[in-house]
Amino acid sequence: MLSRLVLVSGHTLKNNGSFGACLVQASRSFHQSSQSLAPVPPLPEKGGKVRHGIFPEELFTLLYPKTGVTGPYMLGTGLFLYMLSKEIYVINHETFAAASIGAVVIYGIKKFGPSVAAFADKLNEDKVAKAQEVKGQAMAVLELGIENEKKEQWRVEGRHLLFDAKRNNVAMLLETNYRERLHMVTNEVKKRLDYQVQLQNLHRRMEQEHMVNWVEQSVVKSITPQQEKESIAKCISDLKVLAKATQARATV
């Protein structure tokens, strides 16, 4: 009966175009609102506690202060009996089919649920491990990039020191070149001055030699043969006197 009610309601809503348009408009307004831009809270890894497979634990904790421990069970039993007494829910063949299907589903969940859950958990762990591996690799690459960026910033900070050292080296090279050229100019000027001094000394020596030769030639030309003979005789006589004096000293 409930299944028929659901099917009839679904066909009615499907045929009603205004209701579908309202749903589309509501969905658009929801996705375009500021709430769609808000951060989505992470989904829990495990579901909340339930009783009997379908009833949440929060329902029981909500009714405990007012109805006591047996209140939720009495409430459920009373609602079920009320629906039966008022024929809101009628037990028919669909009820037995639903009970059979539910029993099979419960048996399958109890029998194969742990193994399927373990397989699903394993798949989930593998996906999480791969995601963590990719994340770790990305983090390693980013950390390496950060370290390289810090190193480059450190190099940039010390670049002015390098530029100062290069400026000092260039200034020293310029000063060395200036000193070398100044020394070269000094040597060249000294060589030219030494050449001029030697040239002047050569002129003076040649003038002196020329003067001596001229005086000697003039004196030689001014001596007559008679004066030459007298001079030679005078020299011979002087030599003889010196020889006698030397002998006298030697005998004494």
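Computed from a prediction, not measured in an experiment: that's the story for all the values here.
- Every pair tested for side chain to side chain donor-acceptor pair (under 3.5 Å) that includes a residue from residues 233-242 fails, sequence neighbours excluded, so the list is empty.
- Taking the salt bridge (charged side-chain N to carboxylate O under 4.0 Å, His left out) definition, one finds that E175 meets it with R179, sequence neighbours left out.
- When hydrophobic residues (I, L, V, M, F, W, Y) are linked wherever their side-chain heavy atoms come within less than 4.5 Å, the members clustered with L202 are M206.
- Remark: E58 engages no residue in a salt bridge (charged side-chain N to carboxylate O under 4.0 Å, His left out) (not counting sequence neighbours).
- Legend: residues meeting side-chain hydrogen bond (donor to acceptor under 3.5 Å, both in side chains) with H183, ordered by chain and number and at least two apart, are N187.
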L193/K190 under side-chain contact (heavy atoms from CB on, under 4.5 Å): CA gap, chis, key distance, verdict:
CA-CA 5 Å; L193 293 176; K190 185 176 180 298; 5.7 Å; no
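- Taking the side chain as every heavy atom from C-beta outward, E209 and R205 approach each other to under 4.5 Å.
- Under the 4.5 Å side-chain heavy-atom criterion for ILVMFWY residues, a single connected hydrophobic cluster contains both L84 and F96.
- Tracing side-chain contacts under 4.5 Å through hydrophobic residues (I, L, V, M, F, W, Y), one reaches L79 starting from L63; they form part of the same cluster.
- Taking hydrophobic clusters as Ile, Leu, Val, Met, Phe, Trp and Tyr residues chained together by side-chain heavy-atom distances below 4.5 Å, I109 shares a cluster with I101.
- Rounded to the nearest 0.5 angstrom, L144 CG and N148 CG are separated by 4.5 Å.
- Taking hydrophobic clusters as Ile, Leu, Val, Met, Phe, Trp and Tyr residues chained together by side-chain heavy-atom distances below 4.5 Å, L173 does not share a cluster with L162.
- Residues meeting the side-chain hydrogen bond (donor to acceptor under 3.5 Å, both in side chains) test with R204, sequence neighbours left out: N201.
- Here the straight-line distance linking atom CZ of R181 with atom CD of E188 works out to 14.0 Å at 0.5 Å rounding.
- Annotation: salt bridge (charged side-chain N to carboxylate O under 4.0 Å, His left out) contacts of R167 (sequence neighbours excluded): D164.
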Show your reasoning for whether side-chain contact (heavy atoms from CB on, under 4.5 Å) applies to Y89 and T95.
CA-CA 10 Å; Y89 180 77; T95 304; 2.7 Å; yes
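- With hydrophobic clusters built from ILVMFWY side chains whose heavy atoms lie under 4.5 angstrom apart, V50 does not share a cluster with F60.
- Residues satisfying the salt bridge (charged side-chain N to carboxylate O under 4.0 Å, His left out) criterion with E149, sequence neighbours excluded, are absent altogether.
- Residues K151 and E147 are not paired through a salt bridge, judged by the lack of any N-O separation under 4.0 Å between the basic side chain and the carboxylate.
- The side-chain heavy atoms of P72 and F55, taken from C-beta on, include no pair separated by under 4.5 Å.
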Please set out all donor-acceptor pairs under 3.5 angstrom arising from side-chain atoms of residues 126-138, sequence neighbours excluded.
none

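- As a member of the Ile/Leu/Val/Met/Phe/Trp/Tyr network built from side-chain separations under 4.5 Å, V104 groups with nothing else and remains a singleton.
- Pairs passing the side chain to side chain donor-acceptor pair (under 3.5 Å) check and including a residue from residues 67-84, sequence neighbours excluded, read R51-Y73.
- Between atom NZ of residue K166 and atom CZ of residue R159 there is a gap of 9.5 Å, rounded to the nearest 0.5 Å.
- In this structure, T186 OG1 and K191 NZ are separated by 12.0 Å, a value rounded to the nearest 0.5 Å.
- Residues forming a side-chain hydrogen bond (donor to acceptor under 3.5 Å, both in side chains) with E152 (at least two apart in sequence, or on another chain): R155.
- Contact annotation: the side chain of V90 approaches that of E87 to within less than 4.5 Å [non-hydrogen atoms, C-beta and beyond].
- H93 contributes atom NE2, which lies 12.0 Å from atom OG of S100 (distance to the nearest 0.5 angstrom).
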